[in-house]
Amino acid sequence: MASLVRLLLLIIPLGLNLAASSITTANDQFIYSGFGGSNLIVDDTATVTPDGLVELTNGTAYLKGHAFHPAPFRLHDSVSGNGTVRSFSVAFVFGIVSVYPDFSAHGMAFVMAPRTNFSDALPAKYLGLTNVQNDGNSSNHIFAVELDTIQSVEFKDMNANHVGIDINGLQSLRAYNAGYYYDDKSGGGGFQSLKLISREAMQVWVDYHGEKKEINVTLAPLGVAKPGTPLLSATYDLSAVLADLVYLGFSAATGRVNSRHCVLGWSFGVDKQAPAIDITKLPKLPRAGPKPRSSKVLIIVLPIATATFVLGLGGALVLVVRKRSRYAELREDWEVEFGPHRFSYKDLFRATDGFRDKHLLGAGGFGRVYRGVLETSKLEVAVKKVSHESRQGMKEFISEITSIGRIRHRNLVQLLGYCRRKGELLLVYAYMPNGSLDKHLYDNGEDGRRPTLSWAQRFQIIRDVAAGLVYLHERWEKVVIHRDIKASNVLLDKGMNGQLGDFGLARLYDHGTDSQTTHVVGTMGYLAPELVRTGRASPPTDVFAFGIFLLEVACGQRPIKEKAQGEQIALVDWVLEHWLNGTIMETVDARLRGEYDVDKVELVLALGLMCSHPLANARPSIGQVMRYLTGVTPLPELTPTDVLALMQNKGLAASDLSYPDLVSSFGGTISSLSGGR
Ligand SMILES: Nc1ncnc2c1ncn2[C@@H]1O[C@H](COP(=O)(O)OP(=O)(O)OP(=O)(O)O)[C@@H](O)[C@H]1O
Ligand SMILES: *[C@@H]1O[C@H](CO)[C@@H](O)[C@H](O)[C@H]1NC(C)=O
Ligand SMILES: *[C@@H]1O[C@H](CO)[C@@H](O)[C@H](O)[C@H]1NC(C)=O
Ligand SMILES: *[C@@H]1O[C@H](CO)[C@@H](O)[C@H](O)[C@H]1NC(C)=O
Ligand SMILES: *[C@@H]1O[C@H](CO)[C@@H](O)[C@H](O)[C@H]1NC(C)=O
Ligand SMILES: *[C@@H]1O[C@H](CO)[C@@H](O)[C@H](O)[C@H]1NC(C)=O
């Protein structure tokens with residue numbers, strides 16, 4: 001029945017409005033049925049697509065976008081001179097397309113404001129409207145209707161799917177669940193909820209009565225006539241809120257999740273109803289995911305999918321039973337608050353083709369890593385399966401990784417979320433197409449033809465990793481210790497930029513351990529002496545590992561170097577030996593064939609030695625390291641005391657703490673976690 005009504009609604013205006021142009025505008029009204037050829041004022045992120053859709057956000061995280069009707073309106077009554085805002089009416093059609101079906105960030109709003117420049121506004125929960133300083137300030141002169149898809153406690157949001165009336169700030173004057181009131185023929189009626197992020201277009205009406213100071217907001221699915229009862233109704237005098245000249249437009253913002261907020265059509269009228277939007281002329285919403293597939297695919301896939309569905313129904317019972325165990329997950333009450341970061345096992349299973357070996361990217365000390373493509377968003381991900389028997393510390397750990405999940409930096413591999421099963425934790429990361437740095441340093445590829453990284457590339461990667469670490473140690477809201485810096489944890493993105501991966505993961509093995517079973521987490525050869533002694537990680541222990549990493553990249557040698565006859569020597573000691581002999585350049589990776597910047601190589605080697613100083617407080621901070629690398633501060637000479645300390649450490653490392661001893665003294669923990677590679 002509903003679809004019949006919808007069909008009729010589609011057909012009727014088609015006959016009547018064939019000749020109407022898609023944009024008409026006058027002093028007291030305008031109508032856009034699609035935005036092709038319009039000259040909206042849009043800012044950097046917002047675009048009008050060739051088929052006439054306004055995309056306020058383009059599918060990138062932490063962005064805001066705006067679009068405004070080019071001319072402002074004077075809404076204050078000039079005839080009477082008493083300055084009352086006249087009645088007006090707005091209608092618009094919008095759609096929110098998130099990469100995830102059940103989660104979207106952050107929302108959008110219809111806005112009336114004295115300006116079109118919102119460069120000072122913030123994305124995420126501020127919806128691109130206000131910022132920390134000016135939210136709620138009456139000098140904003142903003143009236144907005146928010147379509148909010150995240151619950152922000154700060155703004156007393158009721159839930160993650162509501163519509164609100166906002167005056168000058170994001171704490172709504174009035175708000176209610178997205179949905180609409182309907183009447184049925186028998187005289188009854190009810191409330192039908194709608195999901196703002198359903199990826200379906202919906203229509204909103206905003207009506208203001210100038211004399212009664214009444215604001216009504218009404219929502220309905222596209223094709224359903226305007227419901228008689230508004231979703232929200234408030235009495236508020238907009239005369240003091242709206243400025244003399246008012247721009248009308250839209251604002252939207254993304255957060256950690258990249259969603260597209262779209263406007264398909266829009267109309268406005270002063271002292272009259274907003275003209276009806278011709279829904280037959282509206283552009284289509286984009287498909288979910290970064291690469292929209294052609295509709296041809298749909299034509300082929302749809303019948304197949306339908307057939308599969310029908311066939312599947314038969315076997316459904318069998319499957320349900322099997323699925324229970326196959327996709328079984330572990331969920332506990334405390335996880336509710338981390339909900340948005342939680343992936344379903346099923347999605348991950350599908351994304352990786354059932355964790356087939358074909359998709360195996362590699363295996364590390366923590367578990368195997370699989371490449372996958374998320375079905376709905378077509379996002380490429382790397383899924384790390386970590387076996388974890390103990391539940392101890394799991395809550396803290398999940399809370400930590402989800403907080404870490406909010407960390408976004410171009411030199412840190414992004415953690416997208418997690419999933420938990422019995423004895424198993426799955427971590428979902430952004431996929432890095434060029435793999436890990438160690439492969440590029442030590443492995444010439446299956447055909448022996450992987451090109452050697454040039455010095456320029458290596459130096460860039462070094463600086464990238466340093467920048468990522470500066471962020472973790474000094475810029476993020478709290479100090480995050482990486483604990484496992486090494487070449488195999490440096491991943492390379494499409495442009496061969498270095499991104500530090502795995503941060504915080506080592507923490508998993510730190511929780512719930514007591515002194516008797518101290519696990520030294522980290523990797524042999526990168527462990528600072530005090531870390532081996534106390535088992536306590538700190539920013540200086542990260543700097544130590546970074547120092548070894550510097551040497552590794554410049555020398556193209558693993559931190560524990562094989563000498564002749566299977567004898568092992570620490571890379572630091574070998575470099576130091578050459579340093580003292582004045583033959584430091586002999587340590588530089590021979591595969592560079594002498595093509596490098598001598599000064600920079602020297603800088604990196606000396607800095608490597610300095611960072612791997614045995615005394616923690618003699619090491620520079622990562623911020624200092626960054627200043628040396630960028631040449632802001634010249635590198636100080638290694639003092640004789642430094643050299644002496646390094647040499648003494650050498651003696652220690654060679655005799656007392658040789659590699660096999662270390663392994664046995666920690667009961668094999670090191671080797672089972674990450675040693676031997
Ligand atoms: N985000 C990613 N994108 C692409 N490949 C990845 C990604 N994460 C890991 N890999 C690949 O999977 C391999 C194994 O990764 P993993 O981090 O488990 O091992 P590791 O770094 O060698 O050791 P550890 O677990 O001790 O840190 C890496 O060497 C890398 O090639
Ligand atoms: C989205 O807009 C931002 C800001 O203008 C830009 O940096 C980014 O590349 C855009 N992304 C896409 C997918 O167009
Ligand atoms: C303002 O003027 C309008 C039009 O004359 C009138 O209807 C309205 O009552 C006036 N409002 C006030 C507050 O005086
Ligand atoms: C917007 O305002 C900022 C200052 O608040 C200014 O720097 C910027 O140039 C303005 N942008 C436009 C497009 O006018
Ligand atoms: C509101 O903004 C005005 C102008 O920017 C500023 O002077 C005033 O201090 C602000 N008020 C509050 C309460 O922040
Ligand atoms: C708001 O809705 C109420 C209830 O349906 C209606 O009586 C009133 O006229 C509406 N006001 C406006 C401004 O549309």
Side-chain angles (χ1 to χ4, degrees), residues 29 39-47 56 63-72 75 77 84-92 110-123 126 128-143 145 154-155 163-171 173-176 179-183 187 189-191 203-220 224-243 245 247 249 251 267-276:
Q29 72 165 54
N39 56 343
L40 294 184
I41 302 172
V42 295
D43 58 12
D44 23 336
T45 312
T47 45
L56 294 165
L63 278 184
K64 58 190 164 122
H66 300 90
F68 286 93
H69 181 72
L75 295 175
D77 202 324
T84 317
V85 162
R86 290 148 74 190
S87 298
F88 62 83
S89 160
V90 180
F92 65 92
F110 163 74
V111 197
M112 295 174 77
R115 56 195 169 116
T116 61
N117 183 344
F118 278 78
S119 60
D120 61 347
L122 292 173
Y126 291 94
L129 288 174
T130 60
N131 58 37
V132 186
Q133 284 84 35
N134 72 10
D135 189 75
N137 191 323
S138 58
S139 69
N140 288 341
H141 298 292
I142 293 175
F143 164 67
V145 173
E154 190 185 329
F155 298 133
V163 180
I165 297 174
D166 297 351
I167 310 284
N168 294 322
L170 285 138
Q171 188 168 322
L173 172 70
R174 190 123 327 147
Y176 202 65
Y180 63 106
Y181 296 95
Y182 62 89
D183 305 314
F191 183 74
Q203 187 157 189
V204 173
W205 294 265
V206 180
D207 298 289
Y208 179 69
H209 194 288
E211 260 168 57
K212 291 198 270 179
K213 325 285 181 217
E214 191 174 40
I215 307 166
N216 282 355
V217 177
T218 315
L219 175 69
V224 169
K226 184 178 178 182
T229 311
L231 176 65
L232 294 170
S233 190
T235 307
Y236 199 95
D237 188 357
L238 290 182
S239 308
V241 177
L242 297 177
L245 285 177
Y247 284 93
S251 174
S267 69
F268 174 69
V270 182
D271 287 330
K272 60 162 103 68
Q273 280 295 309

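Quick caveat: nothing in here was measured; it's all calculated off a predicted structure. Counting starts at 1 for both ligands and their atoms, following the listed order.
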Enumerate the atoms of ligand 4 whose separation from the nearest heavy atom of S119 is less than 4.0 angstrom.
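Numbered from 1, ligand 4 contributes 1 (C), 2 (O), 3 (C), 5 (O).
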For V241 against I142, the heavy-atom pair lying closest together:
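So the two residues come closest at CG1-O, 3.6 Å.
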Write down the atom of K212, the atom of T235, and the distance for their closest heavy-atom approach.
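So the minimum-distance heavy-atom pair works out to O-CG2, 3.7 Å.
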Suppose we measure from atom 6 (C) of ligand 4 to each protein heavy atom; which comes out shortest, and what is that distance?
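Checking every protein heavy atom, the shortest distance to atom 6 (C) of ligand 4 gives N117 ND2, 4.2 Å.
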Which protein non-hydrogen atom lies closest to atom 4 (C) of ligand 6, naming both residue and atom, and how far is it?
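The closest heavy atom on the protein side is P230 CD, 3.8 Å.
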Would you mind reporting whether E214 and D207 have side-chain heavy atoms less than 4.5 Å apart?
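No; the side chains remain at least 4.5 Å from each other.
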Would you say L238 and I167 make side-chain contact, with heavy atoms under 4.5 Å?
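SC-SC contact between L238 and I167 confirmed.
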Can you check [atom]: any protein non-hydrogen atom closer than 4.0 Å?
| atom | answer |
| --- | --- |
| atom 14 (O) of ligand 4 | yes |
| atom 1 (C) of ligand 4 | yes |
| atom 9 (O) of ligand 4 | no |

When the ring planes of [X] and [Y] are compared, do they come out parallel, tilted or perpendicular, using 30° and 60° as the limits?
| X | Y | value |
| --- | --- | --- |
| Y176 | Y181 | parallel |
| F88 | F268 | tilted |
| Y247 | F68 | perpendicular |

List every atom of ligand 6 that sits less than 4.0 Å from any heavy atom of H209, numbering the atoms from 1 in the order shown and giving each element.
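Contacts of ligand 6 toward H209, numbered from 1: 13 (C).
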Of the choices A234, G210, G228, which has the non-hydrogen atom that lies closest to atom 5 (O) of ligand 6?
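Among A234, G210, G228, the closest heavy atom to atom 5 (O) of ligand 6 belongs to G228.
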Closest candidate by heavy atom, reference atom 11 (N) of ligand 5, pool N137, N168, N140:
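Selected option, by shortest heavy-atom distance: N137.
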Could an N or O of ligand 6 be found under 3.5 Å from any N or O of N216, whether backbone or side chain?
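Yes - when backbone and side-chain N and O of N216 are compared with those of ligand 6, one distance drops under 3.5 Å.
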Taking N or O atoms only and a 3.5 Å limit, does E214 qualify as a polar contact for ligand 6?
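N/O-N/O distance below 3.5 Å exists for this pair.
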Does the ring centre of F155 sit less than 6.0 Å away from the ring centre of Y126?
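Y126 vs F155: aromatic centres under 6.0 Å.
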Need the ligand 5 atom indices (1-based, order shown) with element for anything under 4.0 Å from a heavy-atom of S139.
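With S139 as reference, the close atoms of ligand 5 come out as 1 (C), 2 (O), 3 (C), 4 (C).
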